[in-house]
Amino acid sequence: MGRGKIAIRKIENSTNRQVTFCKRRNGLVKKGRELSILCDAEVGLIVFSCTGKLSEFSSTSMKTIIGRFDKATEGHHQLTDPTIEVKLWQREAANLRQQLLHLQECHRQLMGEELSCLNIDQLKHLEYQLQMGLNNVRARKVSWTWFIVKANQSSYNLLQQQKEELHEKIDLIRKENAELMKKVVEAKSAEEETATMNPSHAIDTGYDNLDPNCLQQSQPQPQHSEPPADQAMIMGYNLKLMI
């Protein structure tokens, strides 16, 4: 079973990072030594660890190798001369300006302008480019159209499903209301039948709830047919005077 691939990123664990550094450094030194022996090459290796520790390897002498390196890169160091750098940037700017003019000319030709300087082969090539671009645009348009149609169809199906669910809820609410109305009508009919079958029960119950004091006060007071004694004496005196 082969080893799995290791992600090339910084190792966060310091212990694992140090172990990996030692193994990889030893591997580089081994490869450098083999390269110098097999190919008769002059190899120099300089490595600084994360703690600042220096590790080096050279097949001959590190000083000699560094001297050869300086001589080999002497021409590159001369590029730091301001005059040479300005000339390089001027040449780069001229190249970019020429590319810009060429692109502008191609754009005008693609728009159907300045075609008088083109021969038959150039016109055919331009026609081919335009046809390929048109085909790409049409293909992209068809793709977007199908995408929009599918999205709208999905939205429509979702709305239809929600509509059906709402209709089901409305039908359920209507059934519940009909059952409640039926129960109310049955209860009202039962009360009416009870009142029709026992009318005296409701009247007796009403009189039983009355206050006895109220009944006593509502009774008519007895009227005396005989006048009081004083009134009788006055009436007899008047009769005597009249006689």
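Residue numbers count from 1 along this sequence. The figures here come from the full heavy-atom set of this structure, side chains too, leaving out hydrogens, waters and symmetry mates.
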* Taking a hydrophobic cluster as the set of Ile, Leu, Val, Met, Phe, Trp and Tyr residues connected by side-chain heavy atoms closer than 4.5 Å, whether directly or through intermediates, do Leu35 and Ile37 fall within one such cluster? -> no

* Quick one: are Leu100 and Arg97 in side-chain contact, heavy atoms under 4.5 Å? -> no

* Roughly how far apart are Leu172 CG and Arg174 CZ, rounded to 0.5 Å? -> 11.5 Å

* Structure fact -> CG of Leu110 to CG of Leu103, rounded to nearest 0.5 Å, is 10.5 Å

* Structure fact -> Here the salt bridge (Lys or Arg N to Asp or Glu O under 4.0 Å) pairs for residues 134-155, sequence neighbours left out, are none

* Mind listing the closest non-hydrogen atom pair of Ser58 and Ile65 along with its distance? => CB-CD1, 3.8 Å

* **CE-CG distance between Met132 and Leu130, expressed to the nearest 0.5 angstrom** => 11.5 Å

* Asked: Can you name the nearest heavy-atom pair linking Glu12 to Arg17, along with the distance?
  -> O-NH1, 3.4 Å

* Considering residues at least two apart in sequence or located in another chain, which fulfil the side chain to side chain contact (heavy atoms under 4.5 Å, CB included) criterion with Cys22? -> Gln18, Arg25

* Would you mind listing every ring pair (Phe, Tyr, Trp, His ring centres under 6.0 Å) that reaches into residues 140-185, with sequence neighbours excluded? => Trp144-Phe147

* Do other residues, nucleotides or ligands put more than 12 heavy atoms under 6.0 Å from the CD atom of Glu127? -> no

* Give a yes or no on this: more than 12 heavy atoms of other residues, nucleotides or ligands lie within 6.0 Å of atom CD of Gln98. => no

* If Ile, Leu, Val, Met, Phe, Trp and Tyr residues are connected whenever their side-chain heavy atoms lie under 4.5 Å apart, and connections chain through other members, are Leu54 and Ile66 in the same group? -> yes

* **Atom pair CD/CD of Glu164 and Gln161 - distance to nearest 0.5 Å** => 7.5 Å

* Residues which pass side chain to side chain contact (heavy atoms under 4.5 Å, CB included) with Asp121, listed by chain and number, not counting sequence neighbours -> Asn119

* Asked: Under the ring pair (Phe, Tyr, Trp, His ring centres under 6.0 Å) rule, what pairs show up with a residue in residues 13-60, not counting sequence neighbours?
  -> none

* What is the distance from atom CD1 of Ile11 to atom OG1 of Thr20, rounded to the nearest 0.5 Å? -> 3.5 Å

* **Closest non-hydrogen atom pair, Ser59 against Ser36** => CB-CB, 3.6 Å

* Minimum-distance pair of heavy atoms, taken over all atoms of Leu115 and Gly112 -> CD1-O, 3.8 Å

* Asked: What's the spacing between Ser154 OG and Leu158 CG if we round to 0.5 Å?
  -> 9.0 Å

* Residues Gln129 and His125: side-chain donor-acceptor under 3.5 angstrom -> yes

* Is there a donor-acceptor pair closer than 3.5 Å between any side-chain N or O of Asn95 and the backbone N or O of Arg91? -> yes

* Using a 4.5 Å cut-off on heavy atoms from C-beta on, say whether the side chain of Lys182 contacts that of Glu179. => no

* Is it the case that more than 12 heavy atoms not belonging to Arg24 sit under 6.0 Å from its CZ atom? -> no

* **Glu113 backbone acceptor or donor facing Arg108 side chain under 3.5 Å** => no

* Please name the pair of heavy atoms, one in Cys117 and one in Gln122, separated by the smallest distance, quoted to 0.1 Å. => O-OE1, 3.9 Å

* **salt bridge (Lys or Arg N to Asp or Glu O under 4.0 Å) contacts touching residues 31-48 (sequence neighbours left out)** => Glu42-Arg68

